[in-house]
Novice: 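Got a structure for you, questions after.
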Amino acid sequence: MNYLIDNCIVFNPELKMISSKKNPDISIPLTTTATRLLEELVRKPNETLTRSYLLKAVWEDNGYASSDASLNNNISLLRKNFFTVSETEIALKTIPKTGFQLHALVEPFENQANDDNHNEAIQLDEQRNTLDKNPSSILFRSLLLVSVIILISIAVLLVIHQKNVILFKEVNSVFVGKVGMCDAFNLSSTKVDLGIILQTYPVLKEKCENQSGIIYYDFSDLTKDRTKNLFVALCYQSENYGYQKCENIKSYSLQ
């Protein structure tokens, strides 16, 4: 609920703001503490509220440490904001050794513009709720979400496939035989018998017993123009196309 103070200041606790009734464009935001303090004062206008009551209601009941200094500062802030908004003095009195009193006429205030905005907000919420409960709307959004997920999945698979396909695209390879369900290729010009590879790395036979794939190896000779390469890898083939993954069995280079 909004409050009208002395027919010139509108206090909106929800928005934590005071404004001029005559010119609503003139408004000042309040801190949370100042808002709570002013709420206590407007609820009991022309009554003296003790310091102990205000410290407990505004600070301690909300989990904050209270002090007379904080109370005095917020009272001063309210007086300053009242004058800024209305250019007239609102009687926020200090009762010596007791507390404070808002000596003013305080009335409930309903702003037609605010009510209209509130009603519009309610209508928008009702429209959103109607759309949310509409089976056709839910089905459309569900299908849209599924379509997006499918498109993203296809894009990821294409990227993975492209990377796997070009892995050995520019390398000259020579088919040297089969190992179980795997084909073996020599990537270098140096002729190395496949049996030597299998004897050195018997794990290749185990891996190719129940899984199709391609074995790549490179045992290049050391020359003046290149390093000595030792490379053995096993790439598992996908059921559809490309590779599922490539496993590095051994690799190093010697200068």
Side-chain angles (χ1 to χ4, degrees), residues 1-138 140-141:
M1 180 175 67
N2 296 348
Y3 299 90
L4 180 62
I5 304 172
D6 265 356
N7 200 36
C8 61
I9 294 178
V10 178
F11 171 44
N12 188 326
E14 184 177 355
L15 297 180
K16 300 179 184 178
M17 181 179 67
I18 59 173
S19 58
S20 169
K21 178 188 176 185
K22 183 178 180 180
N23 186 359
D25 291 334
I26 301 176
S27 62
I28 295 179
L30 301 176
T31 64
T32 300
T33 301
T35 300
R36 290 174 180 156
L37 177 58
L38 186 53
E39 278 189 283
E40 295 297 331
L41 293 168
V42 297
R43 286 171 182 168
K44 298 179 181 180
N46 303 306
E47 293 185 27
T48 299
L49 303 182
T50 64
R51 284 180 172 271
S52 59
Y53 170 82
L54 291 173
L55 290 172
K56 183 177 185 301
V58 177
W59 279 270
E60 296 170 9
D61 288 350
N62 292 285
Y64 295 96
S66 62
S67 69
D68 285 334
S70 296
L71 177 55
N72 292 336
N73 289 338
N74 279 278
I75 289 292
S76 298
L77 180 64
L78 288 176
R79 287 171 176 159
K80 177 182 178 181
N81 290 340
F82 284 163
F83 184 77
T84 300
V85 169
S86 66
E87 295 186 355
T88 58
E89 184 176 355
I90 301 296
L92 180 49
K93 296 181 177 180
T94 299
I95 310 300
K97 299 182 180 180
T98 305
F100 299 93
Q101 179 188 106
L102 179 61
H103 189 68
L105 175 64
V106 178
E107 304 171 282
F109 181 76
E110 294 184 2
N111 190 318
Q112 185 62 40
N114 289 340
D115 289 344
D116 292 341
N117 292 336
H118 181 66
N119 291 333
E120 289 179 5
I122 292 177
Q123 291 176 359
L124 288 175
D125 288 338
E126 290 177 349
Q127 292 175 2
R128 293 191 190 100
N129 292 333
T130 301
L131 289 175
D132 290 339
K133 295 177 181 179
N134 189 331
S136 299
S137 177
I138 295 174
F140 173 77
R141 283 182 291 178

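Counting begins at 1 with the first residue of the sequence. What's counted below: heavy atoms across the whole structure, side chains too, no hydrogens, waters or symmetry copies.
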Novice: Given side chains that start at C-beta, do those of Asn74 and Thr31 come closer than 4.5 Å, heavy atoms only?
Specialist: yes
Novice: State the CZ-CG distance between Phe82 and Leu92, to the nearest 0.5 angstrom.
Specialist: 6.0 Å
Novice: On a heavy-atom basis, which atom in Leu77 and which in Ala34 lie closest, and how many Å separate them?
Specialist: CD2-CB, 4.4 Å
Novice: What is the minimum heavy-atom distance between Asn7 and Lys21, and which atoms define it?
Specialist: OD1-NZ, 2.9 Å
Novice: Distance from Asn46 atom CG to Leu41 atom CG, nearest 0.5 Å?
Specialist: 11.0 Å
Novice: Identify, with sequence neighbours excluded, every residue that meets side chain to side chain contact (heavy atoms under 4.5 Å, CB included) alongside Ser19.
Specialist: Val10, Ser27
Novice: Please name the residue in the list Asn73, Asn72, Leu71 that meets the side-chain contact (heavy atoms from CB on, under 4.5 Å) test with Ile75.
Specialist: Leu71
Novice: State, with a plain yes or no, whether a side-chain heavy atom of Ser67 is found less than 4.5 Å away from one of Trp59.
Specialist: no
Novice: What distance separates Asp6 CG from Glu107 CD, expressed to the nearest 0.5 Å?
Specialist: 9.0 Å
Novice: Looking at side-chain heavy atoms only, is the closest gap between Ile18 and Leu30 below 4.5 Å?
Specialist: yes
Novice: Specify the closest pair of heavy atoms between Asn62 and Ala57, including all atoms of both residues, with the distance to one decimal.
Specialist: ND2-O, 3.2 Å
Novice: Taking the side chain as every heavy atom from C-beta outward, state whether Phe109 and Ile5 have any pair of such atoms under 4.5 Å apart.
Specialist: no
Novice: One thing to verify: whether Arg43 and Glu39 come together as a salt bridge, which I'm taking to mean a side-chain N less than 4.0 angstrom from a carboxylate O.
Specialist: yes
Novice: Enter the distance from Arg36:CZ to Thr33:OG1 here, rounded to the nearest 0.5 Å.
Specialist: 6.0 Å
Novice: Indicate yes or no: at least one non-hydrogen side-chain atom of Thr50 is less than 4.5 angstrom from one of Ile95.
Specialist: no
Novice: Testing the 3.5 Å rule here: is there a donor-acceptor pair between the side chains of Lys56 and Ser66?
Specialist: no
Novice: Could you tell me the separation between the OG atom of Ser86 and the CG atom of Asn81, rounded to the nearest 0.5 Å?
Specialist: 10.5 Å
Novice: Could you tell me which non-hydrogen atom of Arg79 sits nearest to which non-hydrogen atom of Lys93, and how far apart they are?
Specialist: NH2-C, 3.7 Å
Novice: Search all heavy atoms of Phe11 against all heavy atoms of Thr35 and return the closest pair with its distance.
Specialist: CZ-O, 3.7 Å
Novice: Measure the shortest side-chain to side-chain distance between Cys8 and Ile90 over non-hydrogen atoms and say whether it is less than 4.5 angstrom.
Specialist: yes
Novice: Nearest 0.5 angstrom please: Asp68 CG to Leu55 CG, how far?
Specialist: 5.5 Å
